[in-house]
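Presented below is the structure to which this report refers.
All figures in this text were calculated on a predicted structure; none of them were measured in a lab. Within every chain, numbering begins at 1; the chains are lettered A, B, ... in the order of the sequence lines, protein sequences first and strands thereafter.
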Number of protein chains: 2
Amino acid sequence: MPTDPNAAPPCNCLAVRQAARRVTQFYDRFLAPSALRTTQFSILSRLNRSGPMSIHALAEAMVMDRTTLGRNILPLEREGLVGVEQSTEDRRSKNLKVTPEGLARLKEATAGWKRAQSAFEGAFGAERAAALRAVLHDVATLDLDEAGA
Amino acid sequence: MPTDPNAAPPCNCLAVRQAARRVTQFYDRFLAPSALRTTQFSILSRLNRSGPMSIHALAEAMVMDRTTLGRNILPLEREGLVGVEQSTEDRRSKNLKVTPEGLARLKEATAGWKRAQSAFEGAFGAERAAALRAVLHDVATLDLDEAGA
DNA sequence: TTGACAAACGTGCATATGCTCTTATGTCCA
DNA sequence: TGGACATAAGAGCATATGCACGTTTGTCAA
């Protein structure tokens, strides 16, 4: 019996990427009215929750490459949703903070996010979703340095 | 007690995207010697397993937007790893197939992929990984049309 | 047959992703 | 105090992602 092409992919990387594409598309549709992508919503949300921090720190918190976050900030800065200024203690560093406009947009987008979250969990199951998030968090924070990388 | 910023993210979308970034970076390092990205490896692998097919069909199989796959094919075509030709039955459609060079590169990259897969499962657990792939496959194939999208 | 509709694909646009290399700044020890 | 090293960030490069819109081709019924 040949391998079923529609079975779960044997590759862990492909599996998580496919799921990410699908879920991102779904959430993006709900966020579209507020003109924020899921990435942008995540950044604003995290920055608002954790308070002002550097690009380096936020990138680490987002499990994102530093240079990627640096670019992702640009559209948010251009629209005045995130403030960027040189740190006074360490002039190499920049301080990121959510502006009042950013907070307003974040609140607006949160309504759409809640609908997306509810719709997803309605289809997938709230319990399963919680378990999935926990496992994915383990993956995202897994120490892979020892794994012969 | 305030929310722990390092806890698992409450957003399903963020959780899966963070995990995808992390795992992709890990696999990419193992694939780098063969000069293939994980996306390219996935495409070659799937196309080789399922045989020649159209952009539309392959995109669906990859859980990827049609236009995204169309662009992802370009570097592979440029390097002669994938052949692209007009279909004779349906002139709107294009037939994609893995070339002999593509097959050779795929085999070469598979060695790196196996190391990545082993290293990841060594750190995360083979059983857990299998369960994770199954759940992620459910997510990727979940019917979200009913979910108020 | 032809006209309406559907399907496959491409283009333009904007963001997302991370590597490599470079620059500016901070730290710390000899 | 200098010089070695580390750290924060930017620039260039290439790919990845998907939406909106347009074009070509197929299908099917009036």
Side-chain angles (χ1 to χ4, degrees), chain A residues 13-14 16-33 35-43 53-60 62-79 81 84-96 149, chain B residues 13-14 16-33 35-43 53-60 62-79 81 84-96 149:
Chain A
C13 187
L14 177 59
V16 68
R17 284 177 68 85
Q18 287 186 348
R21 285 194 289 261
R22 194 102 163 80
V23 177
T24 301
Q25 276 188 67
F26 185 71
Y27 276 68
D28 266 339
R29 279 199 290 271
F30 285 85
L31 289 177
L36 283 181
R37 305 285 197 85
T38 58
T39 299
Q40 300 174 329
F41 176 77
S42 301
I43 290 174
M53 65 176 89
S54 69
I55 289 178
H56 184 85
L58 183 54
E60 190 165 348
M62 295 291 297
V63 192
M64 188 181 283
D65 187 86
R66 176 187 58 78
T67 65
T68 300
L69 178 63
R71 289 180 214 277
N72 289 350
I73 286 295
L74 295 180
L76 296 173
E77 185 185 11
R78 170 163 37 83
E79 293 197 57
L81 308 179
V84 181
E85 53 185 21
Q86 285 282 323
S87 167
T88 49
E89 315 96 45
D90 187 340
R91 282 185 302 169
R92 295 170 304 180
S93 178
K94 290 187 172 183
N95 270 336
L96 307 177
Chain B
C13 187
L14 177 58
V16 68
R17 284 177 69 85
Q18 287 186 348
R21 285 196 288 261
R22 194 102 163 80
V23 176
T24 300
Q25 276 188 67
F26 185 71
Y27 275 69
D28 266 340
R29 279 200 291 272
F30 285 85
L31 289 178
L36 284 181
R37 306 285 197 83
T38 58
T39 300
Q40 300 174 329
F41 176 77
S42 302
I43 290 174
M53 65 177 91
S54 69
I55 290 179
H56 184 84
L58 183 54
E60 190 165 348
M62 295 291 298
V63 191
M64 188 180 284
D65 188 86
R66 177 186 60 79
T67 65
T68 300
L69 179 63
R71 290 182 214 276
N72 288 350
I73 286 295
L74 295 181
L76 296 173
E77 184 185 11
R78 169 163 39 81
E79 293 198 55
L81 307 179
V84 182
E85 52 186 22
Q86 285 282 325
S87 166
T88 50
E89 314 95 46
D90 187 340
R91 282 185 302 169
R92 295 170 303 181
S93 177
K94 290 187 173 182
N95 269 337
L96 307 176

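For R21(A), whose side chain is taken as the heavy atoms from C-beta onward, the closest listed nucleotide among dT25(D), dT17(D), dT17(C) is dT17(D). Across dT7(D), dC21(D), dA16(C), the shortest atom-to-atom separation from the side chain of R66(B) is found for dC21(D). The T39(A) side chain lies nearest to dT17(C) when the options are dT17(C), dG26(C), dC19(C).
In this model, no side-chain donor or acceptor of R92(A) finds a partner on the base of dA24(C) within 3.5 Å. With hydrogens and angles left out, the side chain of R71(A) and the base of dG12(D) share a donor-acceptor pair within 3.5 Å. Side-chain atoms of T67(A) come within donor-acceptor range of the base of dC19(C), with a qualifying N/O pair under 3.5 Å. Judged by atom type and distance alone, S93(B) does not reach the base of dC9(C) through any side-chain donor-acceptor pair under 3.5 Å.
Regarding D90(A), its CG atom lies at a distance of 10 Å from the P atom of dT25(C), rounded to whole Å. At whole-Å resolution of the value, CZ in F26(A) and P in dC19(D) are 13 Å apart. As a whole-Å value, the separation of R37(A) CZ from dC19(D) P is 9 Å. One can place CZ of R22(A) at 11 Å from P of dC19(D), the figure rounded to the nearest angstrom. The nearest whole Å value for the distance from the CD atom in Q40(B) to the C1' atom in dT15(D) is 7 Å. Put simply, CD1 on I55(A) is 16 Å from C1' on dT17(C), counting in whole angstrom units. One atom, CD of E79(A), and another, P of dT15(C), lie 8 Å apart when rounded to the nearest Å. Following rounding to the nearest Å, L76(A) (CG) and dA14(C) (C1') show an atom-to-atom distance of 13 Å.
Note that CG of L58(B) and CE of M64(B) are 8.0 Å apart. Values are rounded to the nearest 0.5 Å. For the atom pair CG (L14(A)) and OG1 (T38(B)), the distance works out to 8.5 Å, reported to the nearest 0.5 Å. Taking NZ of K94(A) as the start and CD of E85(A) as the end, the distance is 11.0 Å to the nearest 0.5 Å. A distance of 7.0 Å separates CG in L31(B) from CG in L36(B), rounded to the nearest 0.5 Å.
Side chain of R22(B) to main chain of V63(A): no donor-acceptor pair is present (N/O by atom type, distance under 3.5 Å, no hydrogens or angles). Side-chain atoms of R17(A) do not come within 3.5 Å of backbone N or O of T39(B) as any donor-acceptor pair.
Remark: T68(B) is not in phosphate contact with dA16(D), judged by side-chain N or O atoms under 4.0 Å from OP1 or OP2. Contact annotation: R78(B) side-chain N/O to dT15(D) OP1/OP2 distance is under 4.0 Å. Taking only side-chain nitrogens and oxygens, Q86(B) never comes nearer than 4.0 Å to OP1 or OP2 of dT24(D). For the pair N72(B) and dT15(D), the criterion of a side-chain N or O lying under 4.0 Å from OP1 or OP2 is not met.
Counting non-hydrogen atoms under 4.0 angstrom, S87(B) reaches nothing in the nucleic acid. Nucleic acid contact class of T24(A) (heavy atoms, under 4.0 Å, all strands): none.
Residue whose closest nucleotide on DNA chain D sits further toward the 5' end, between T88(B) and A57(A): A57(A).
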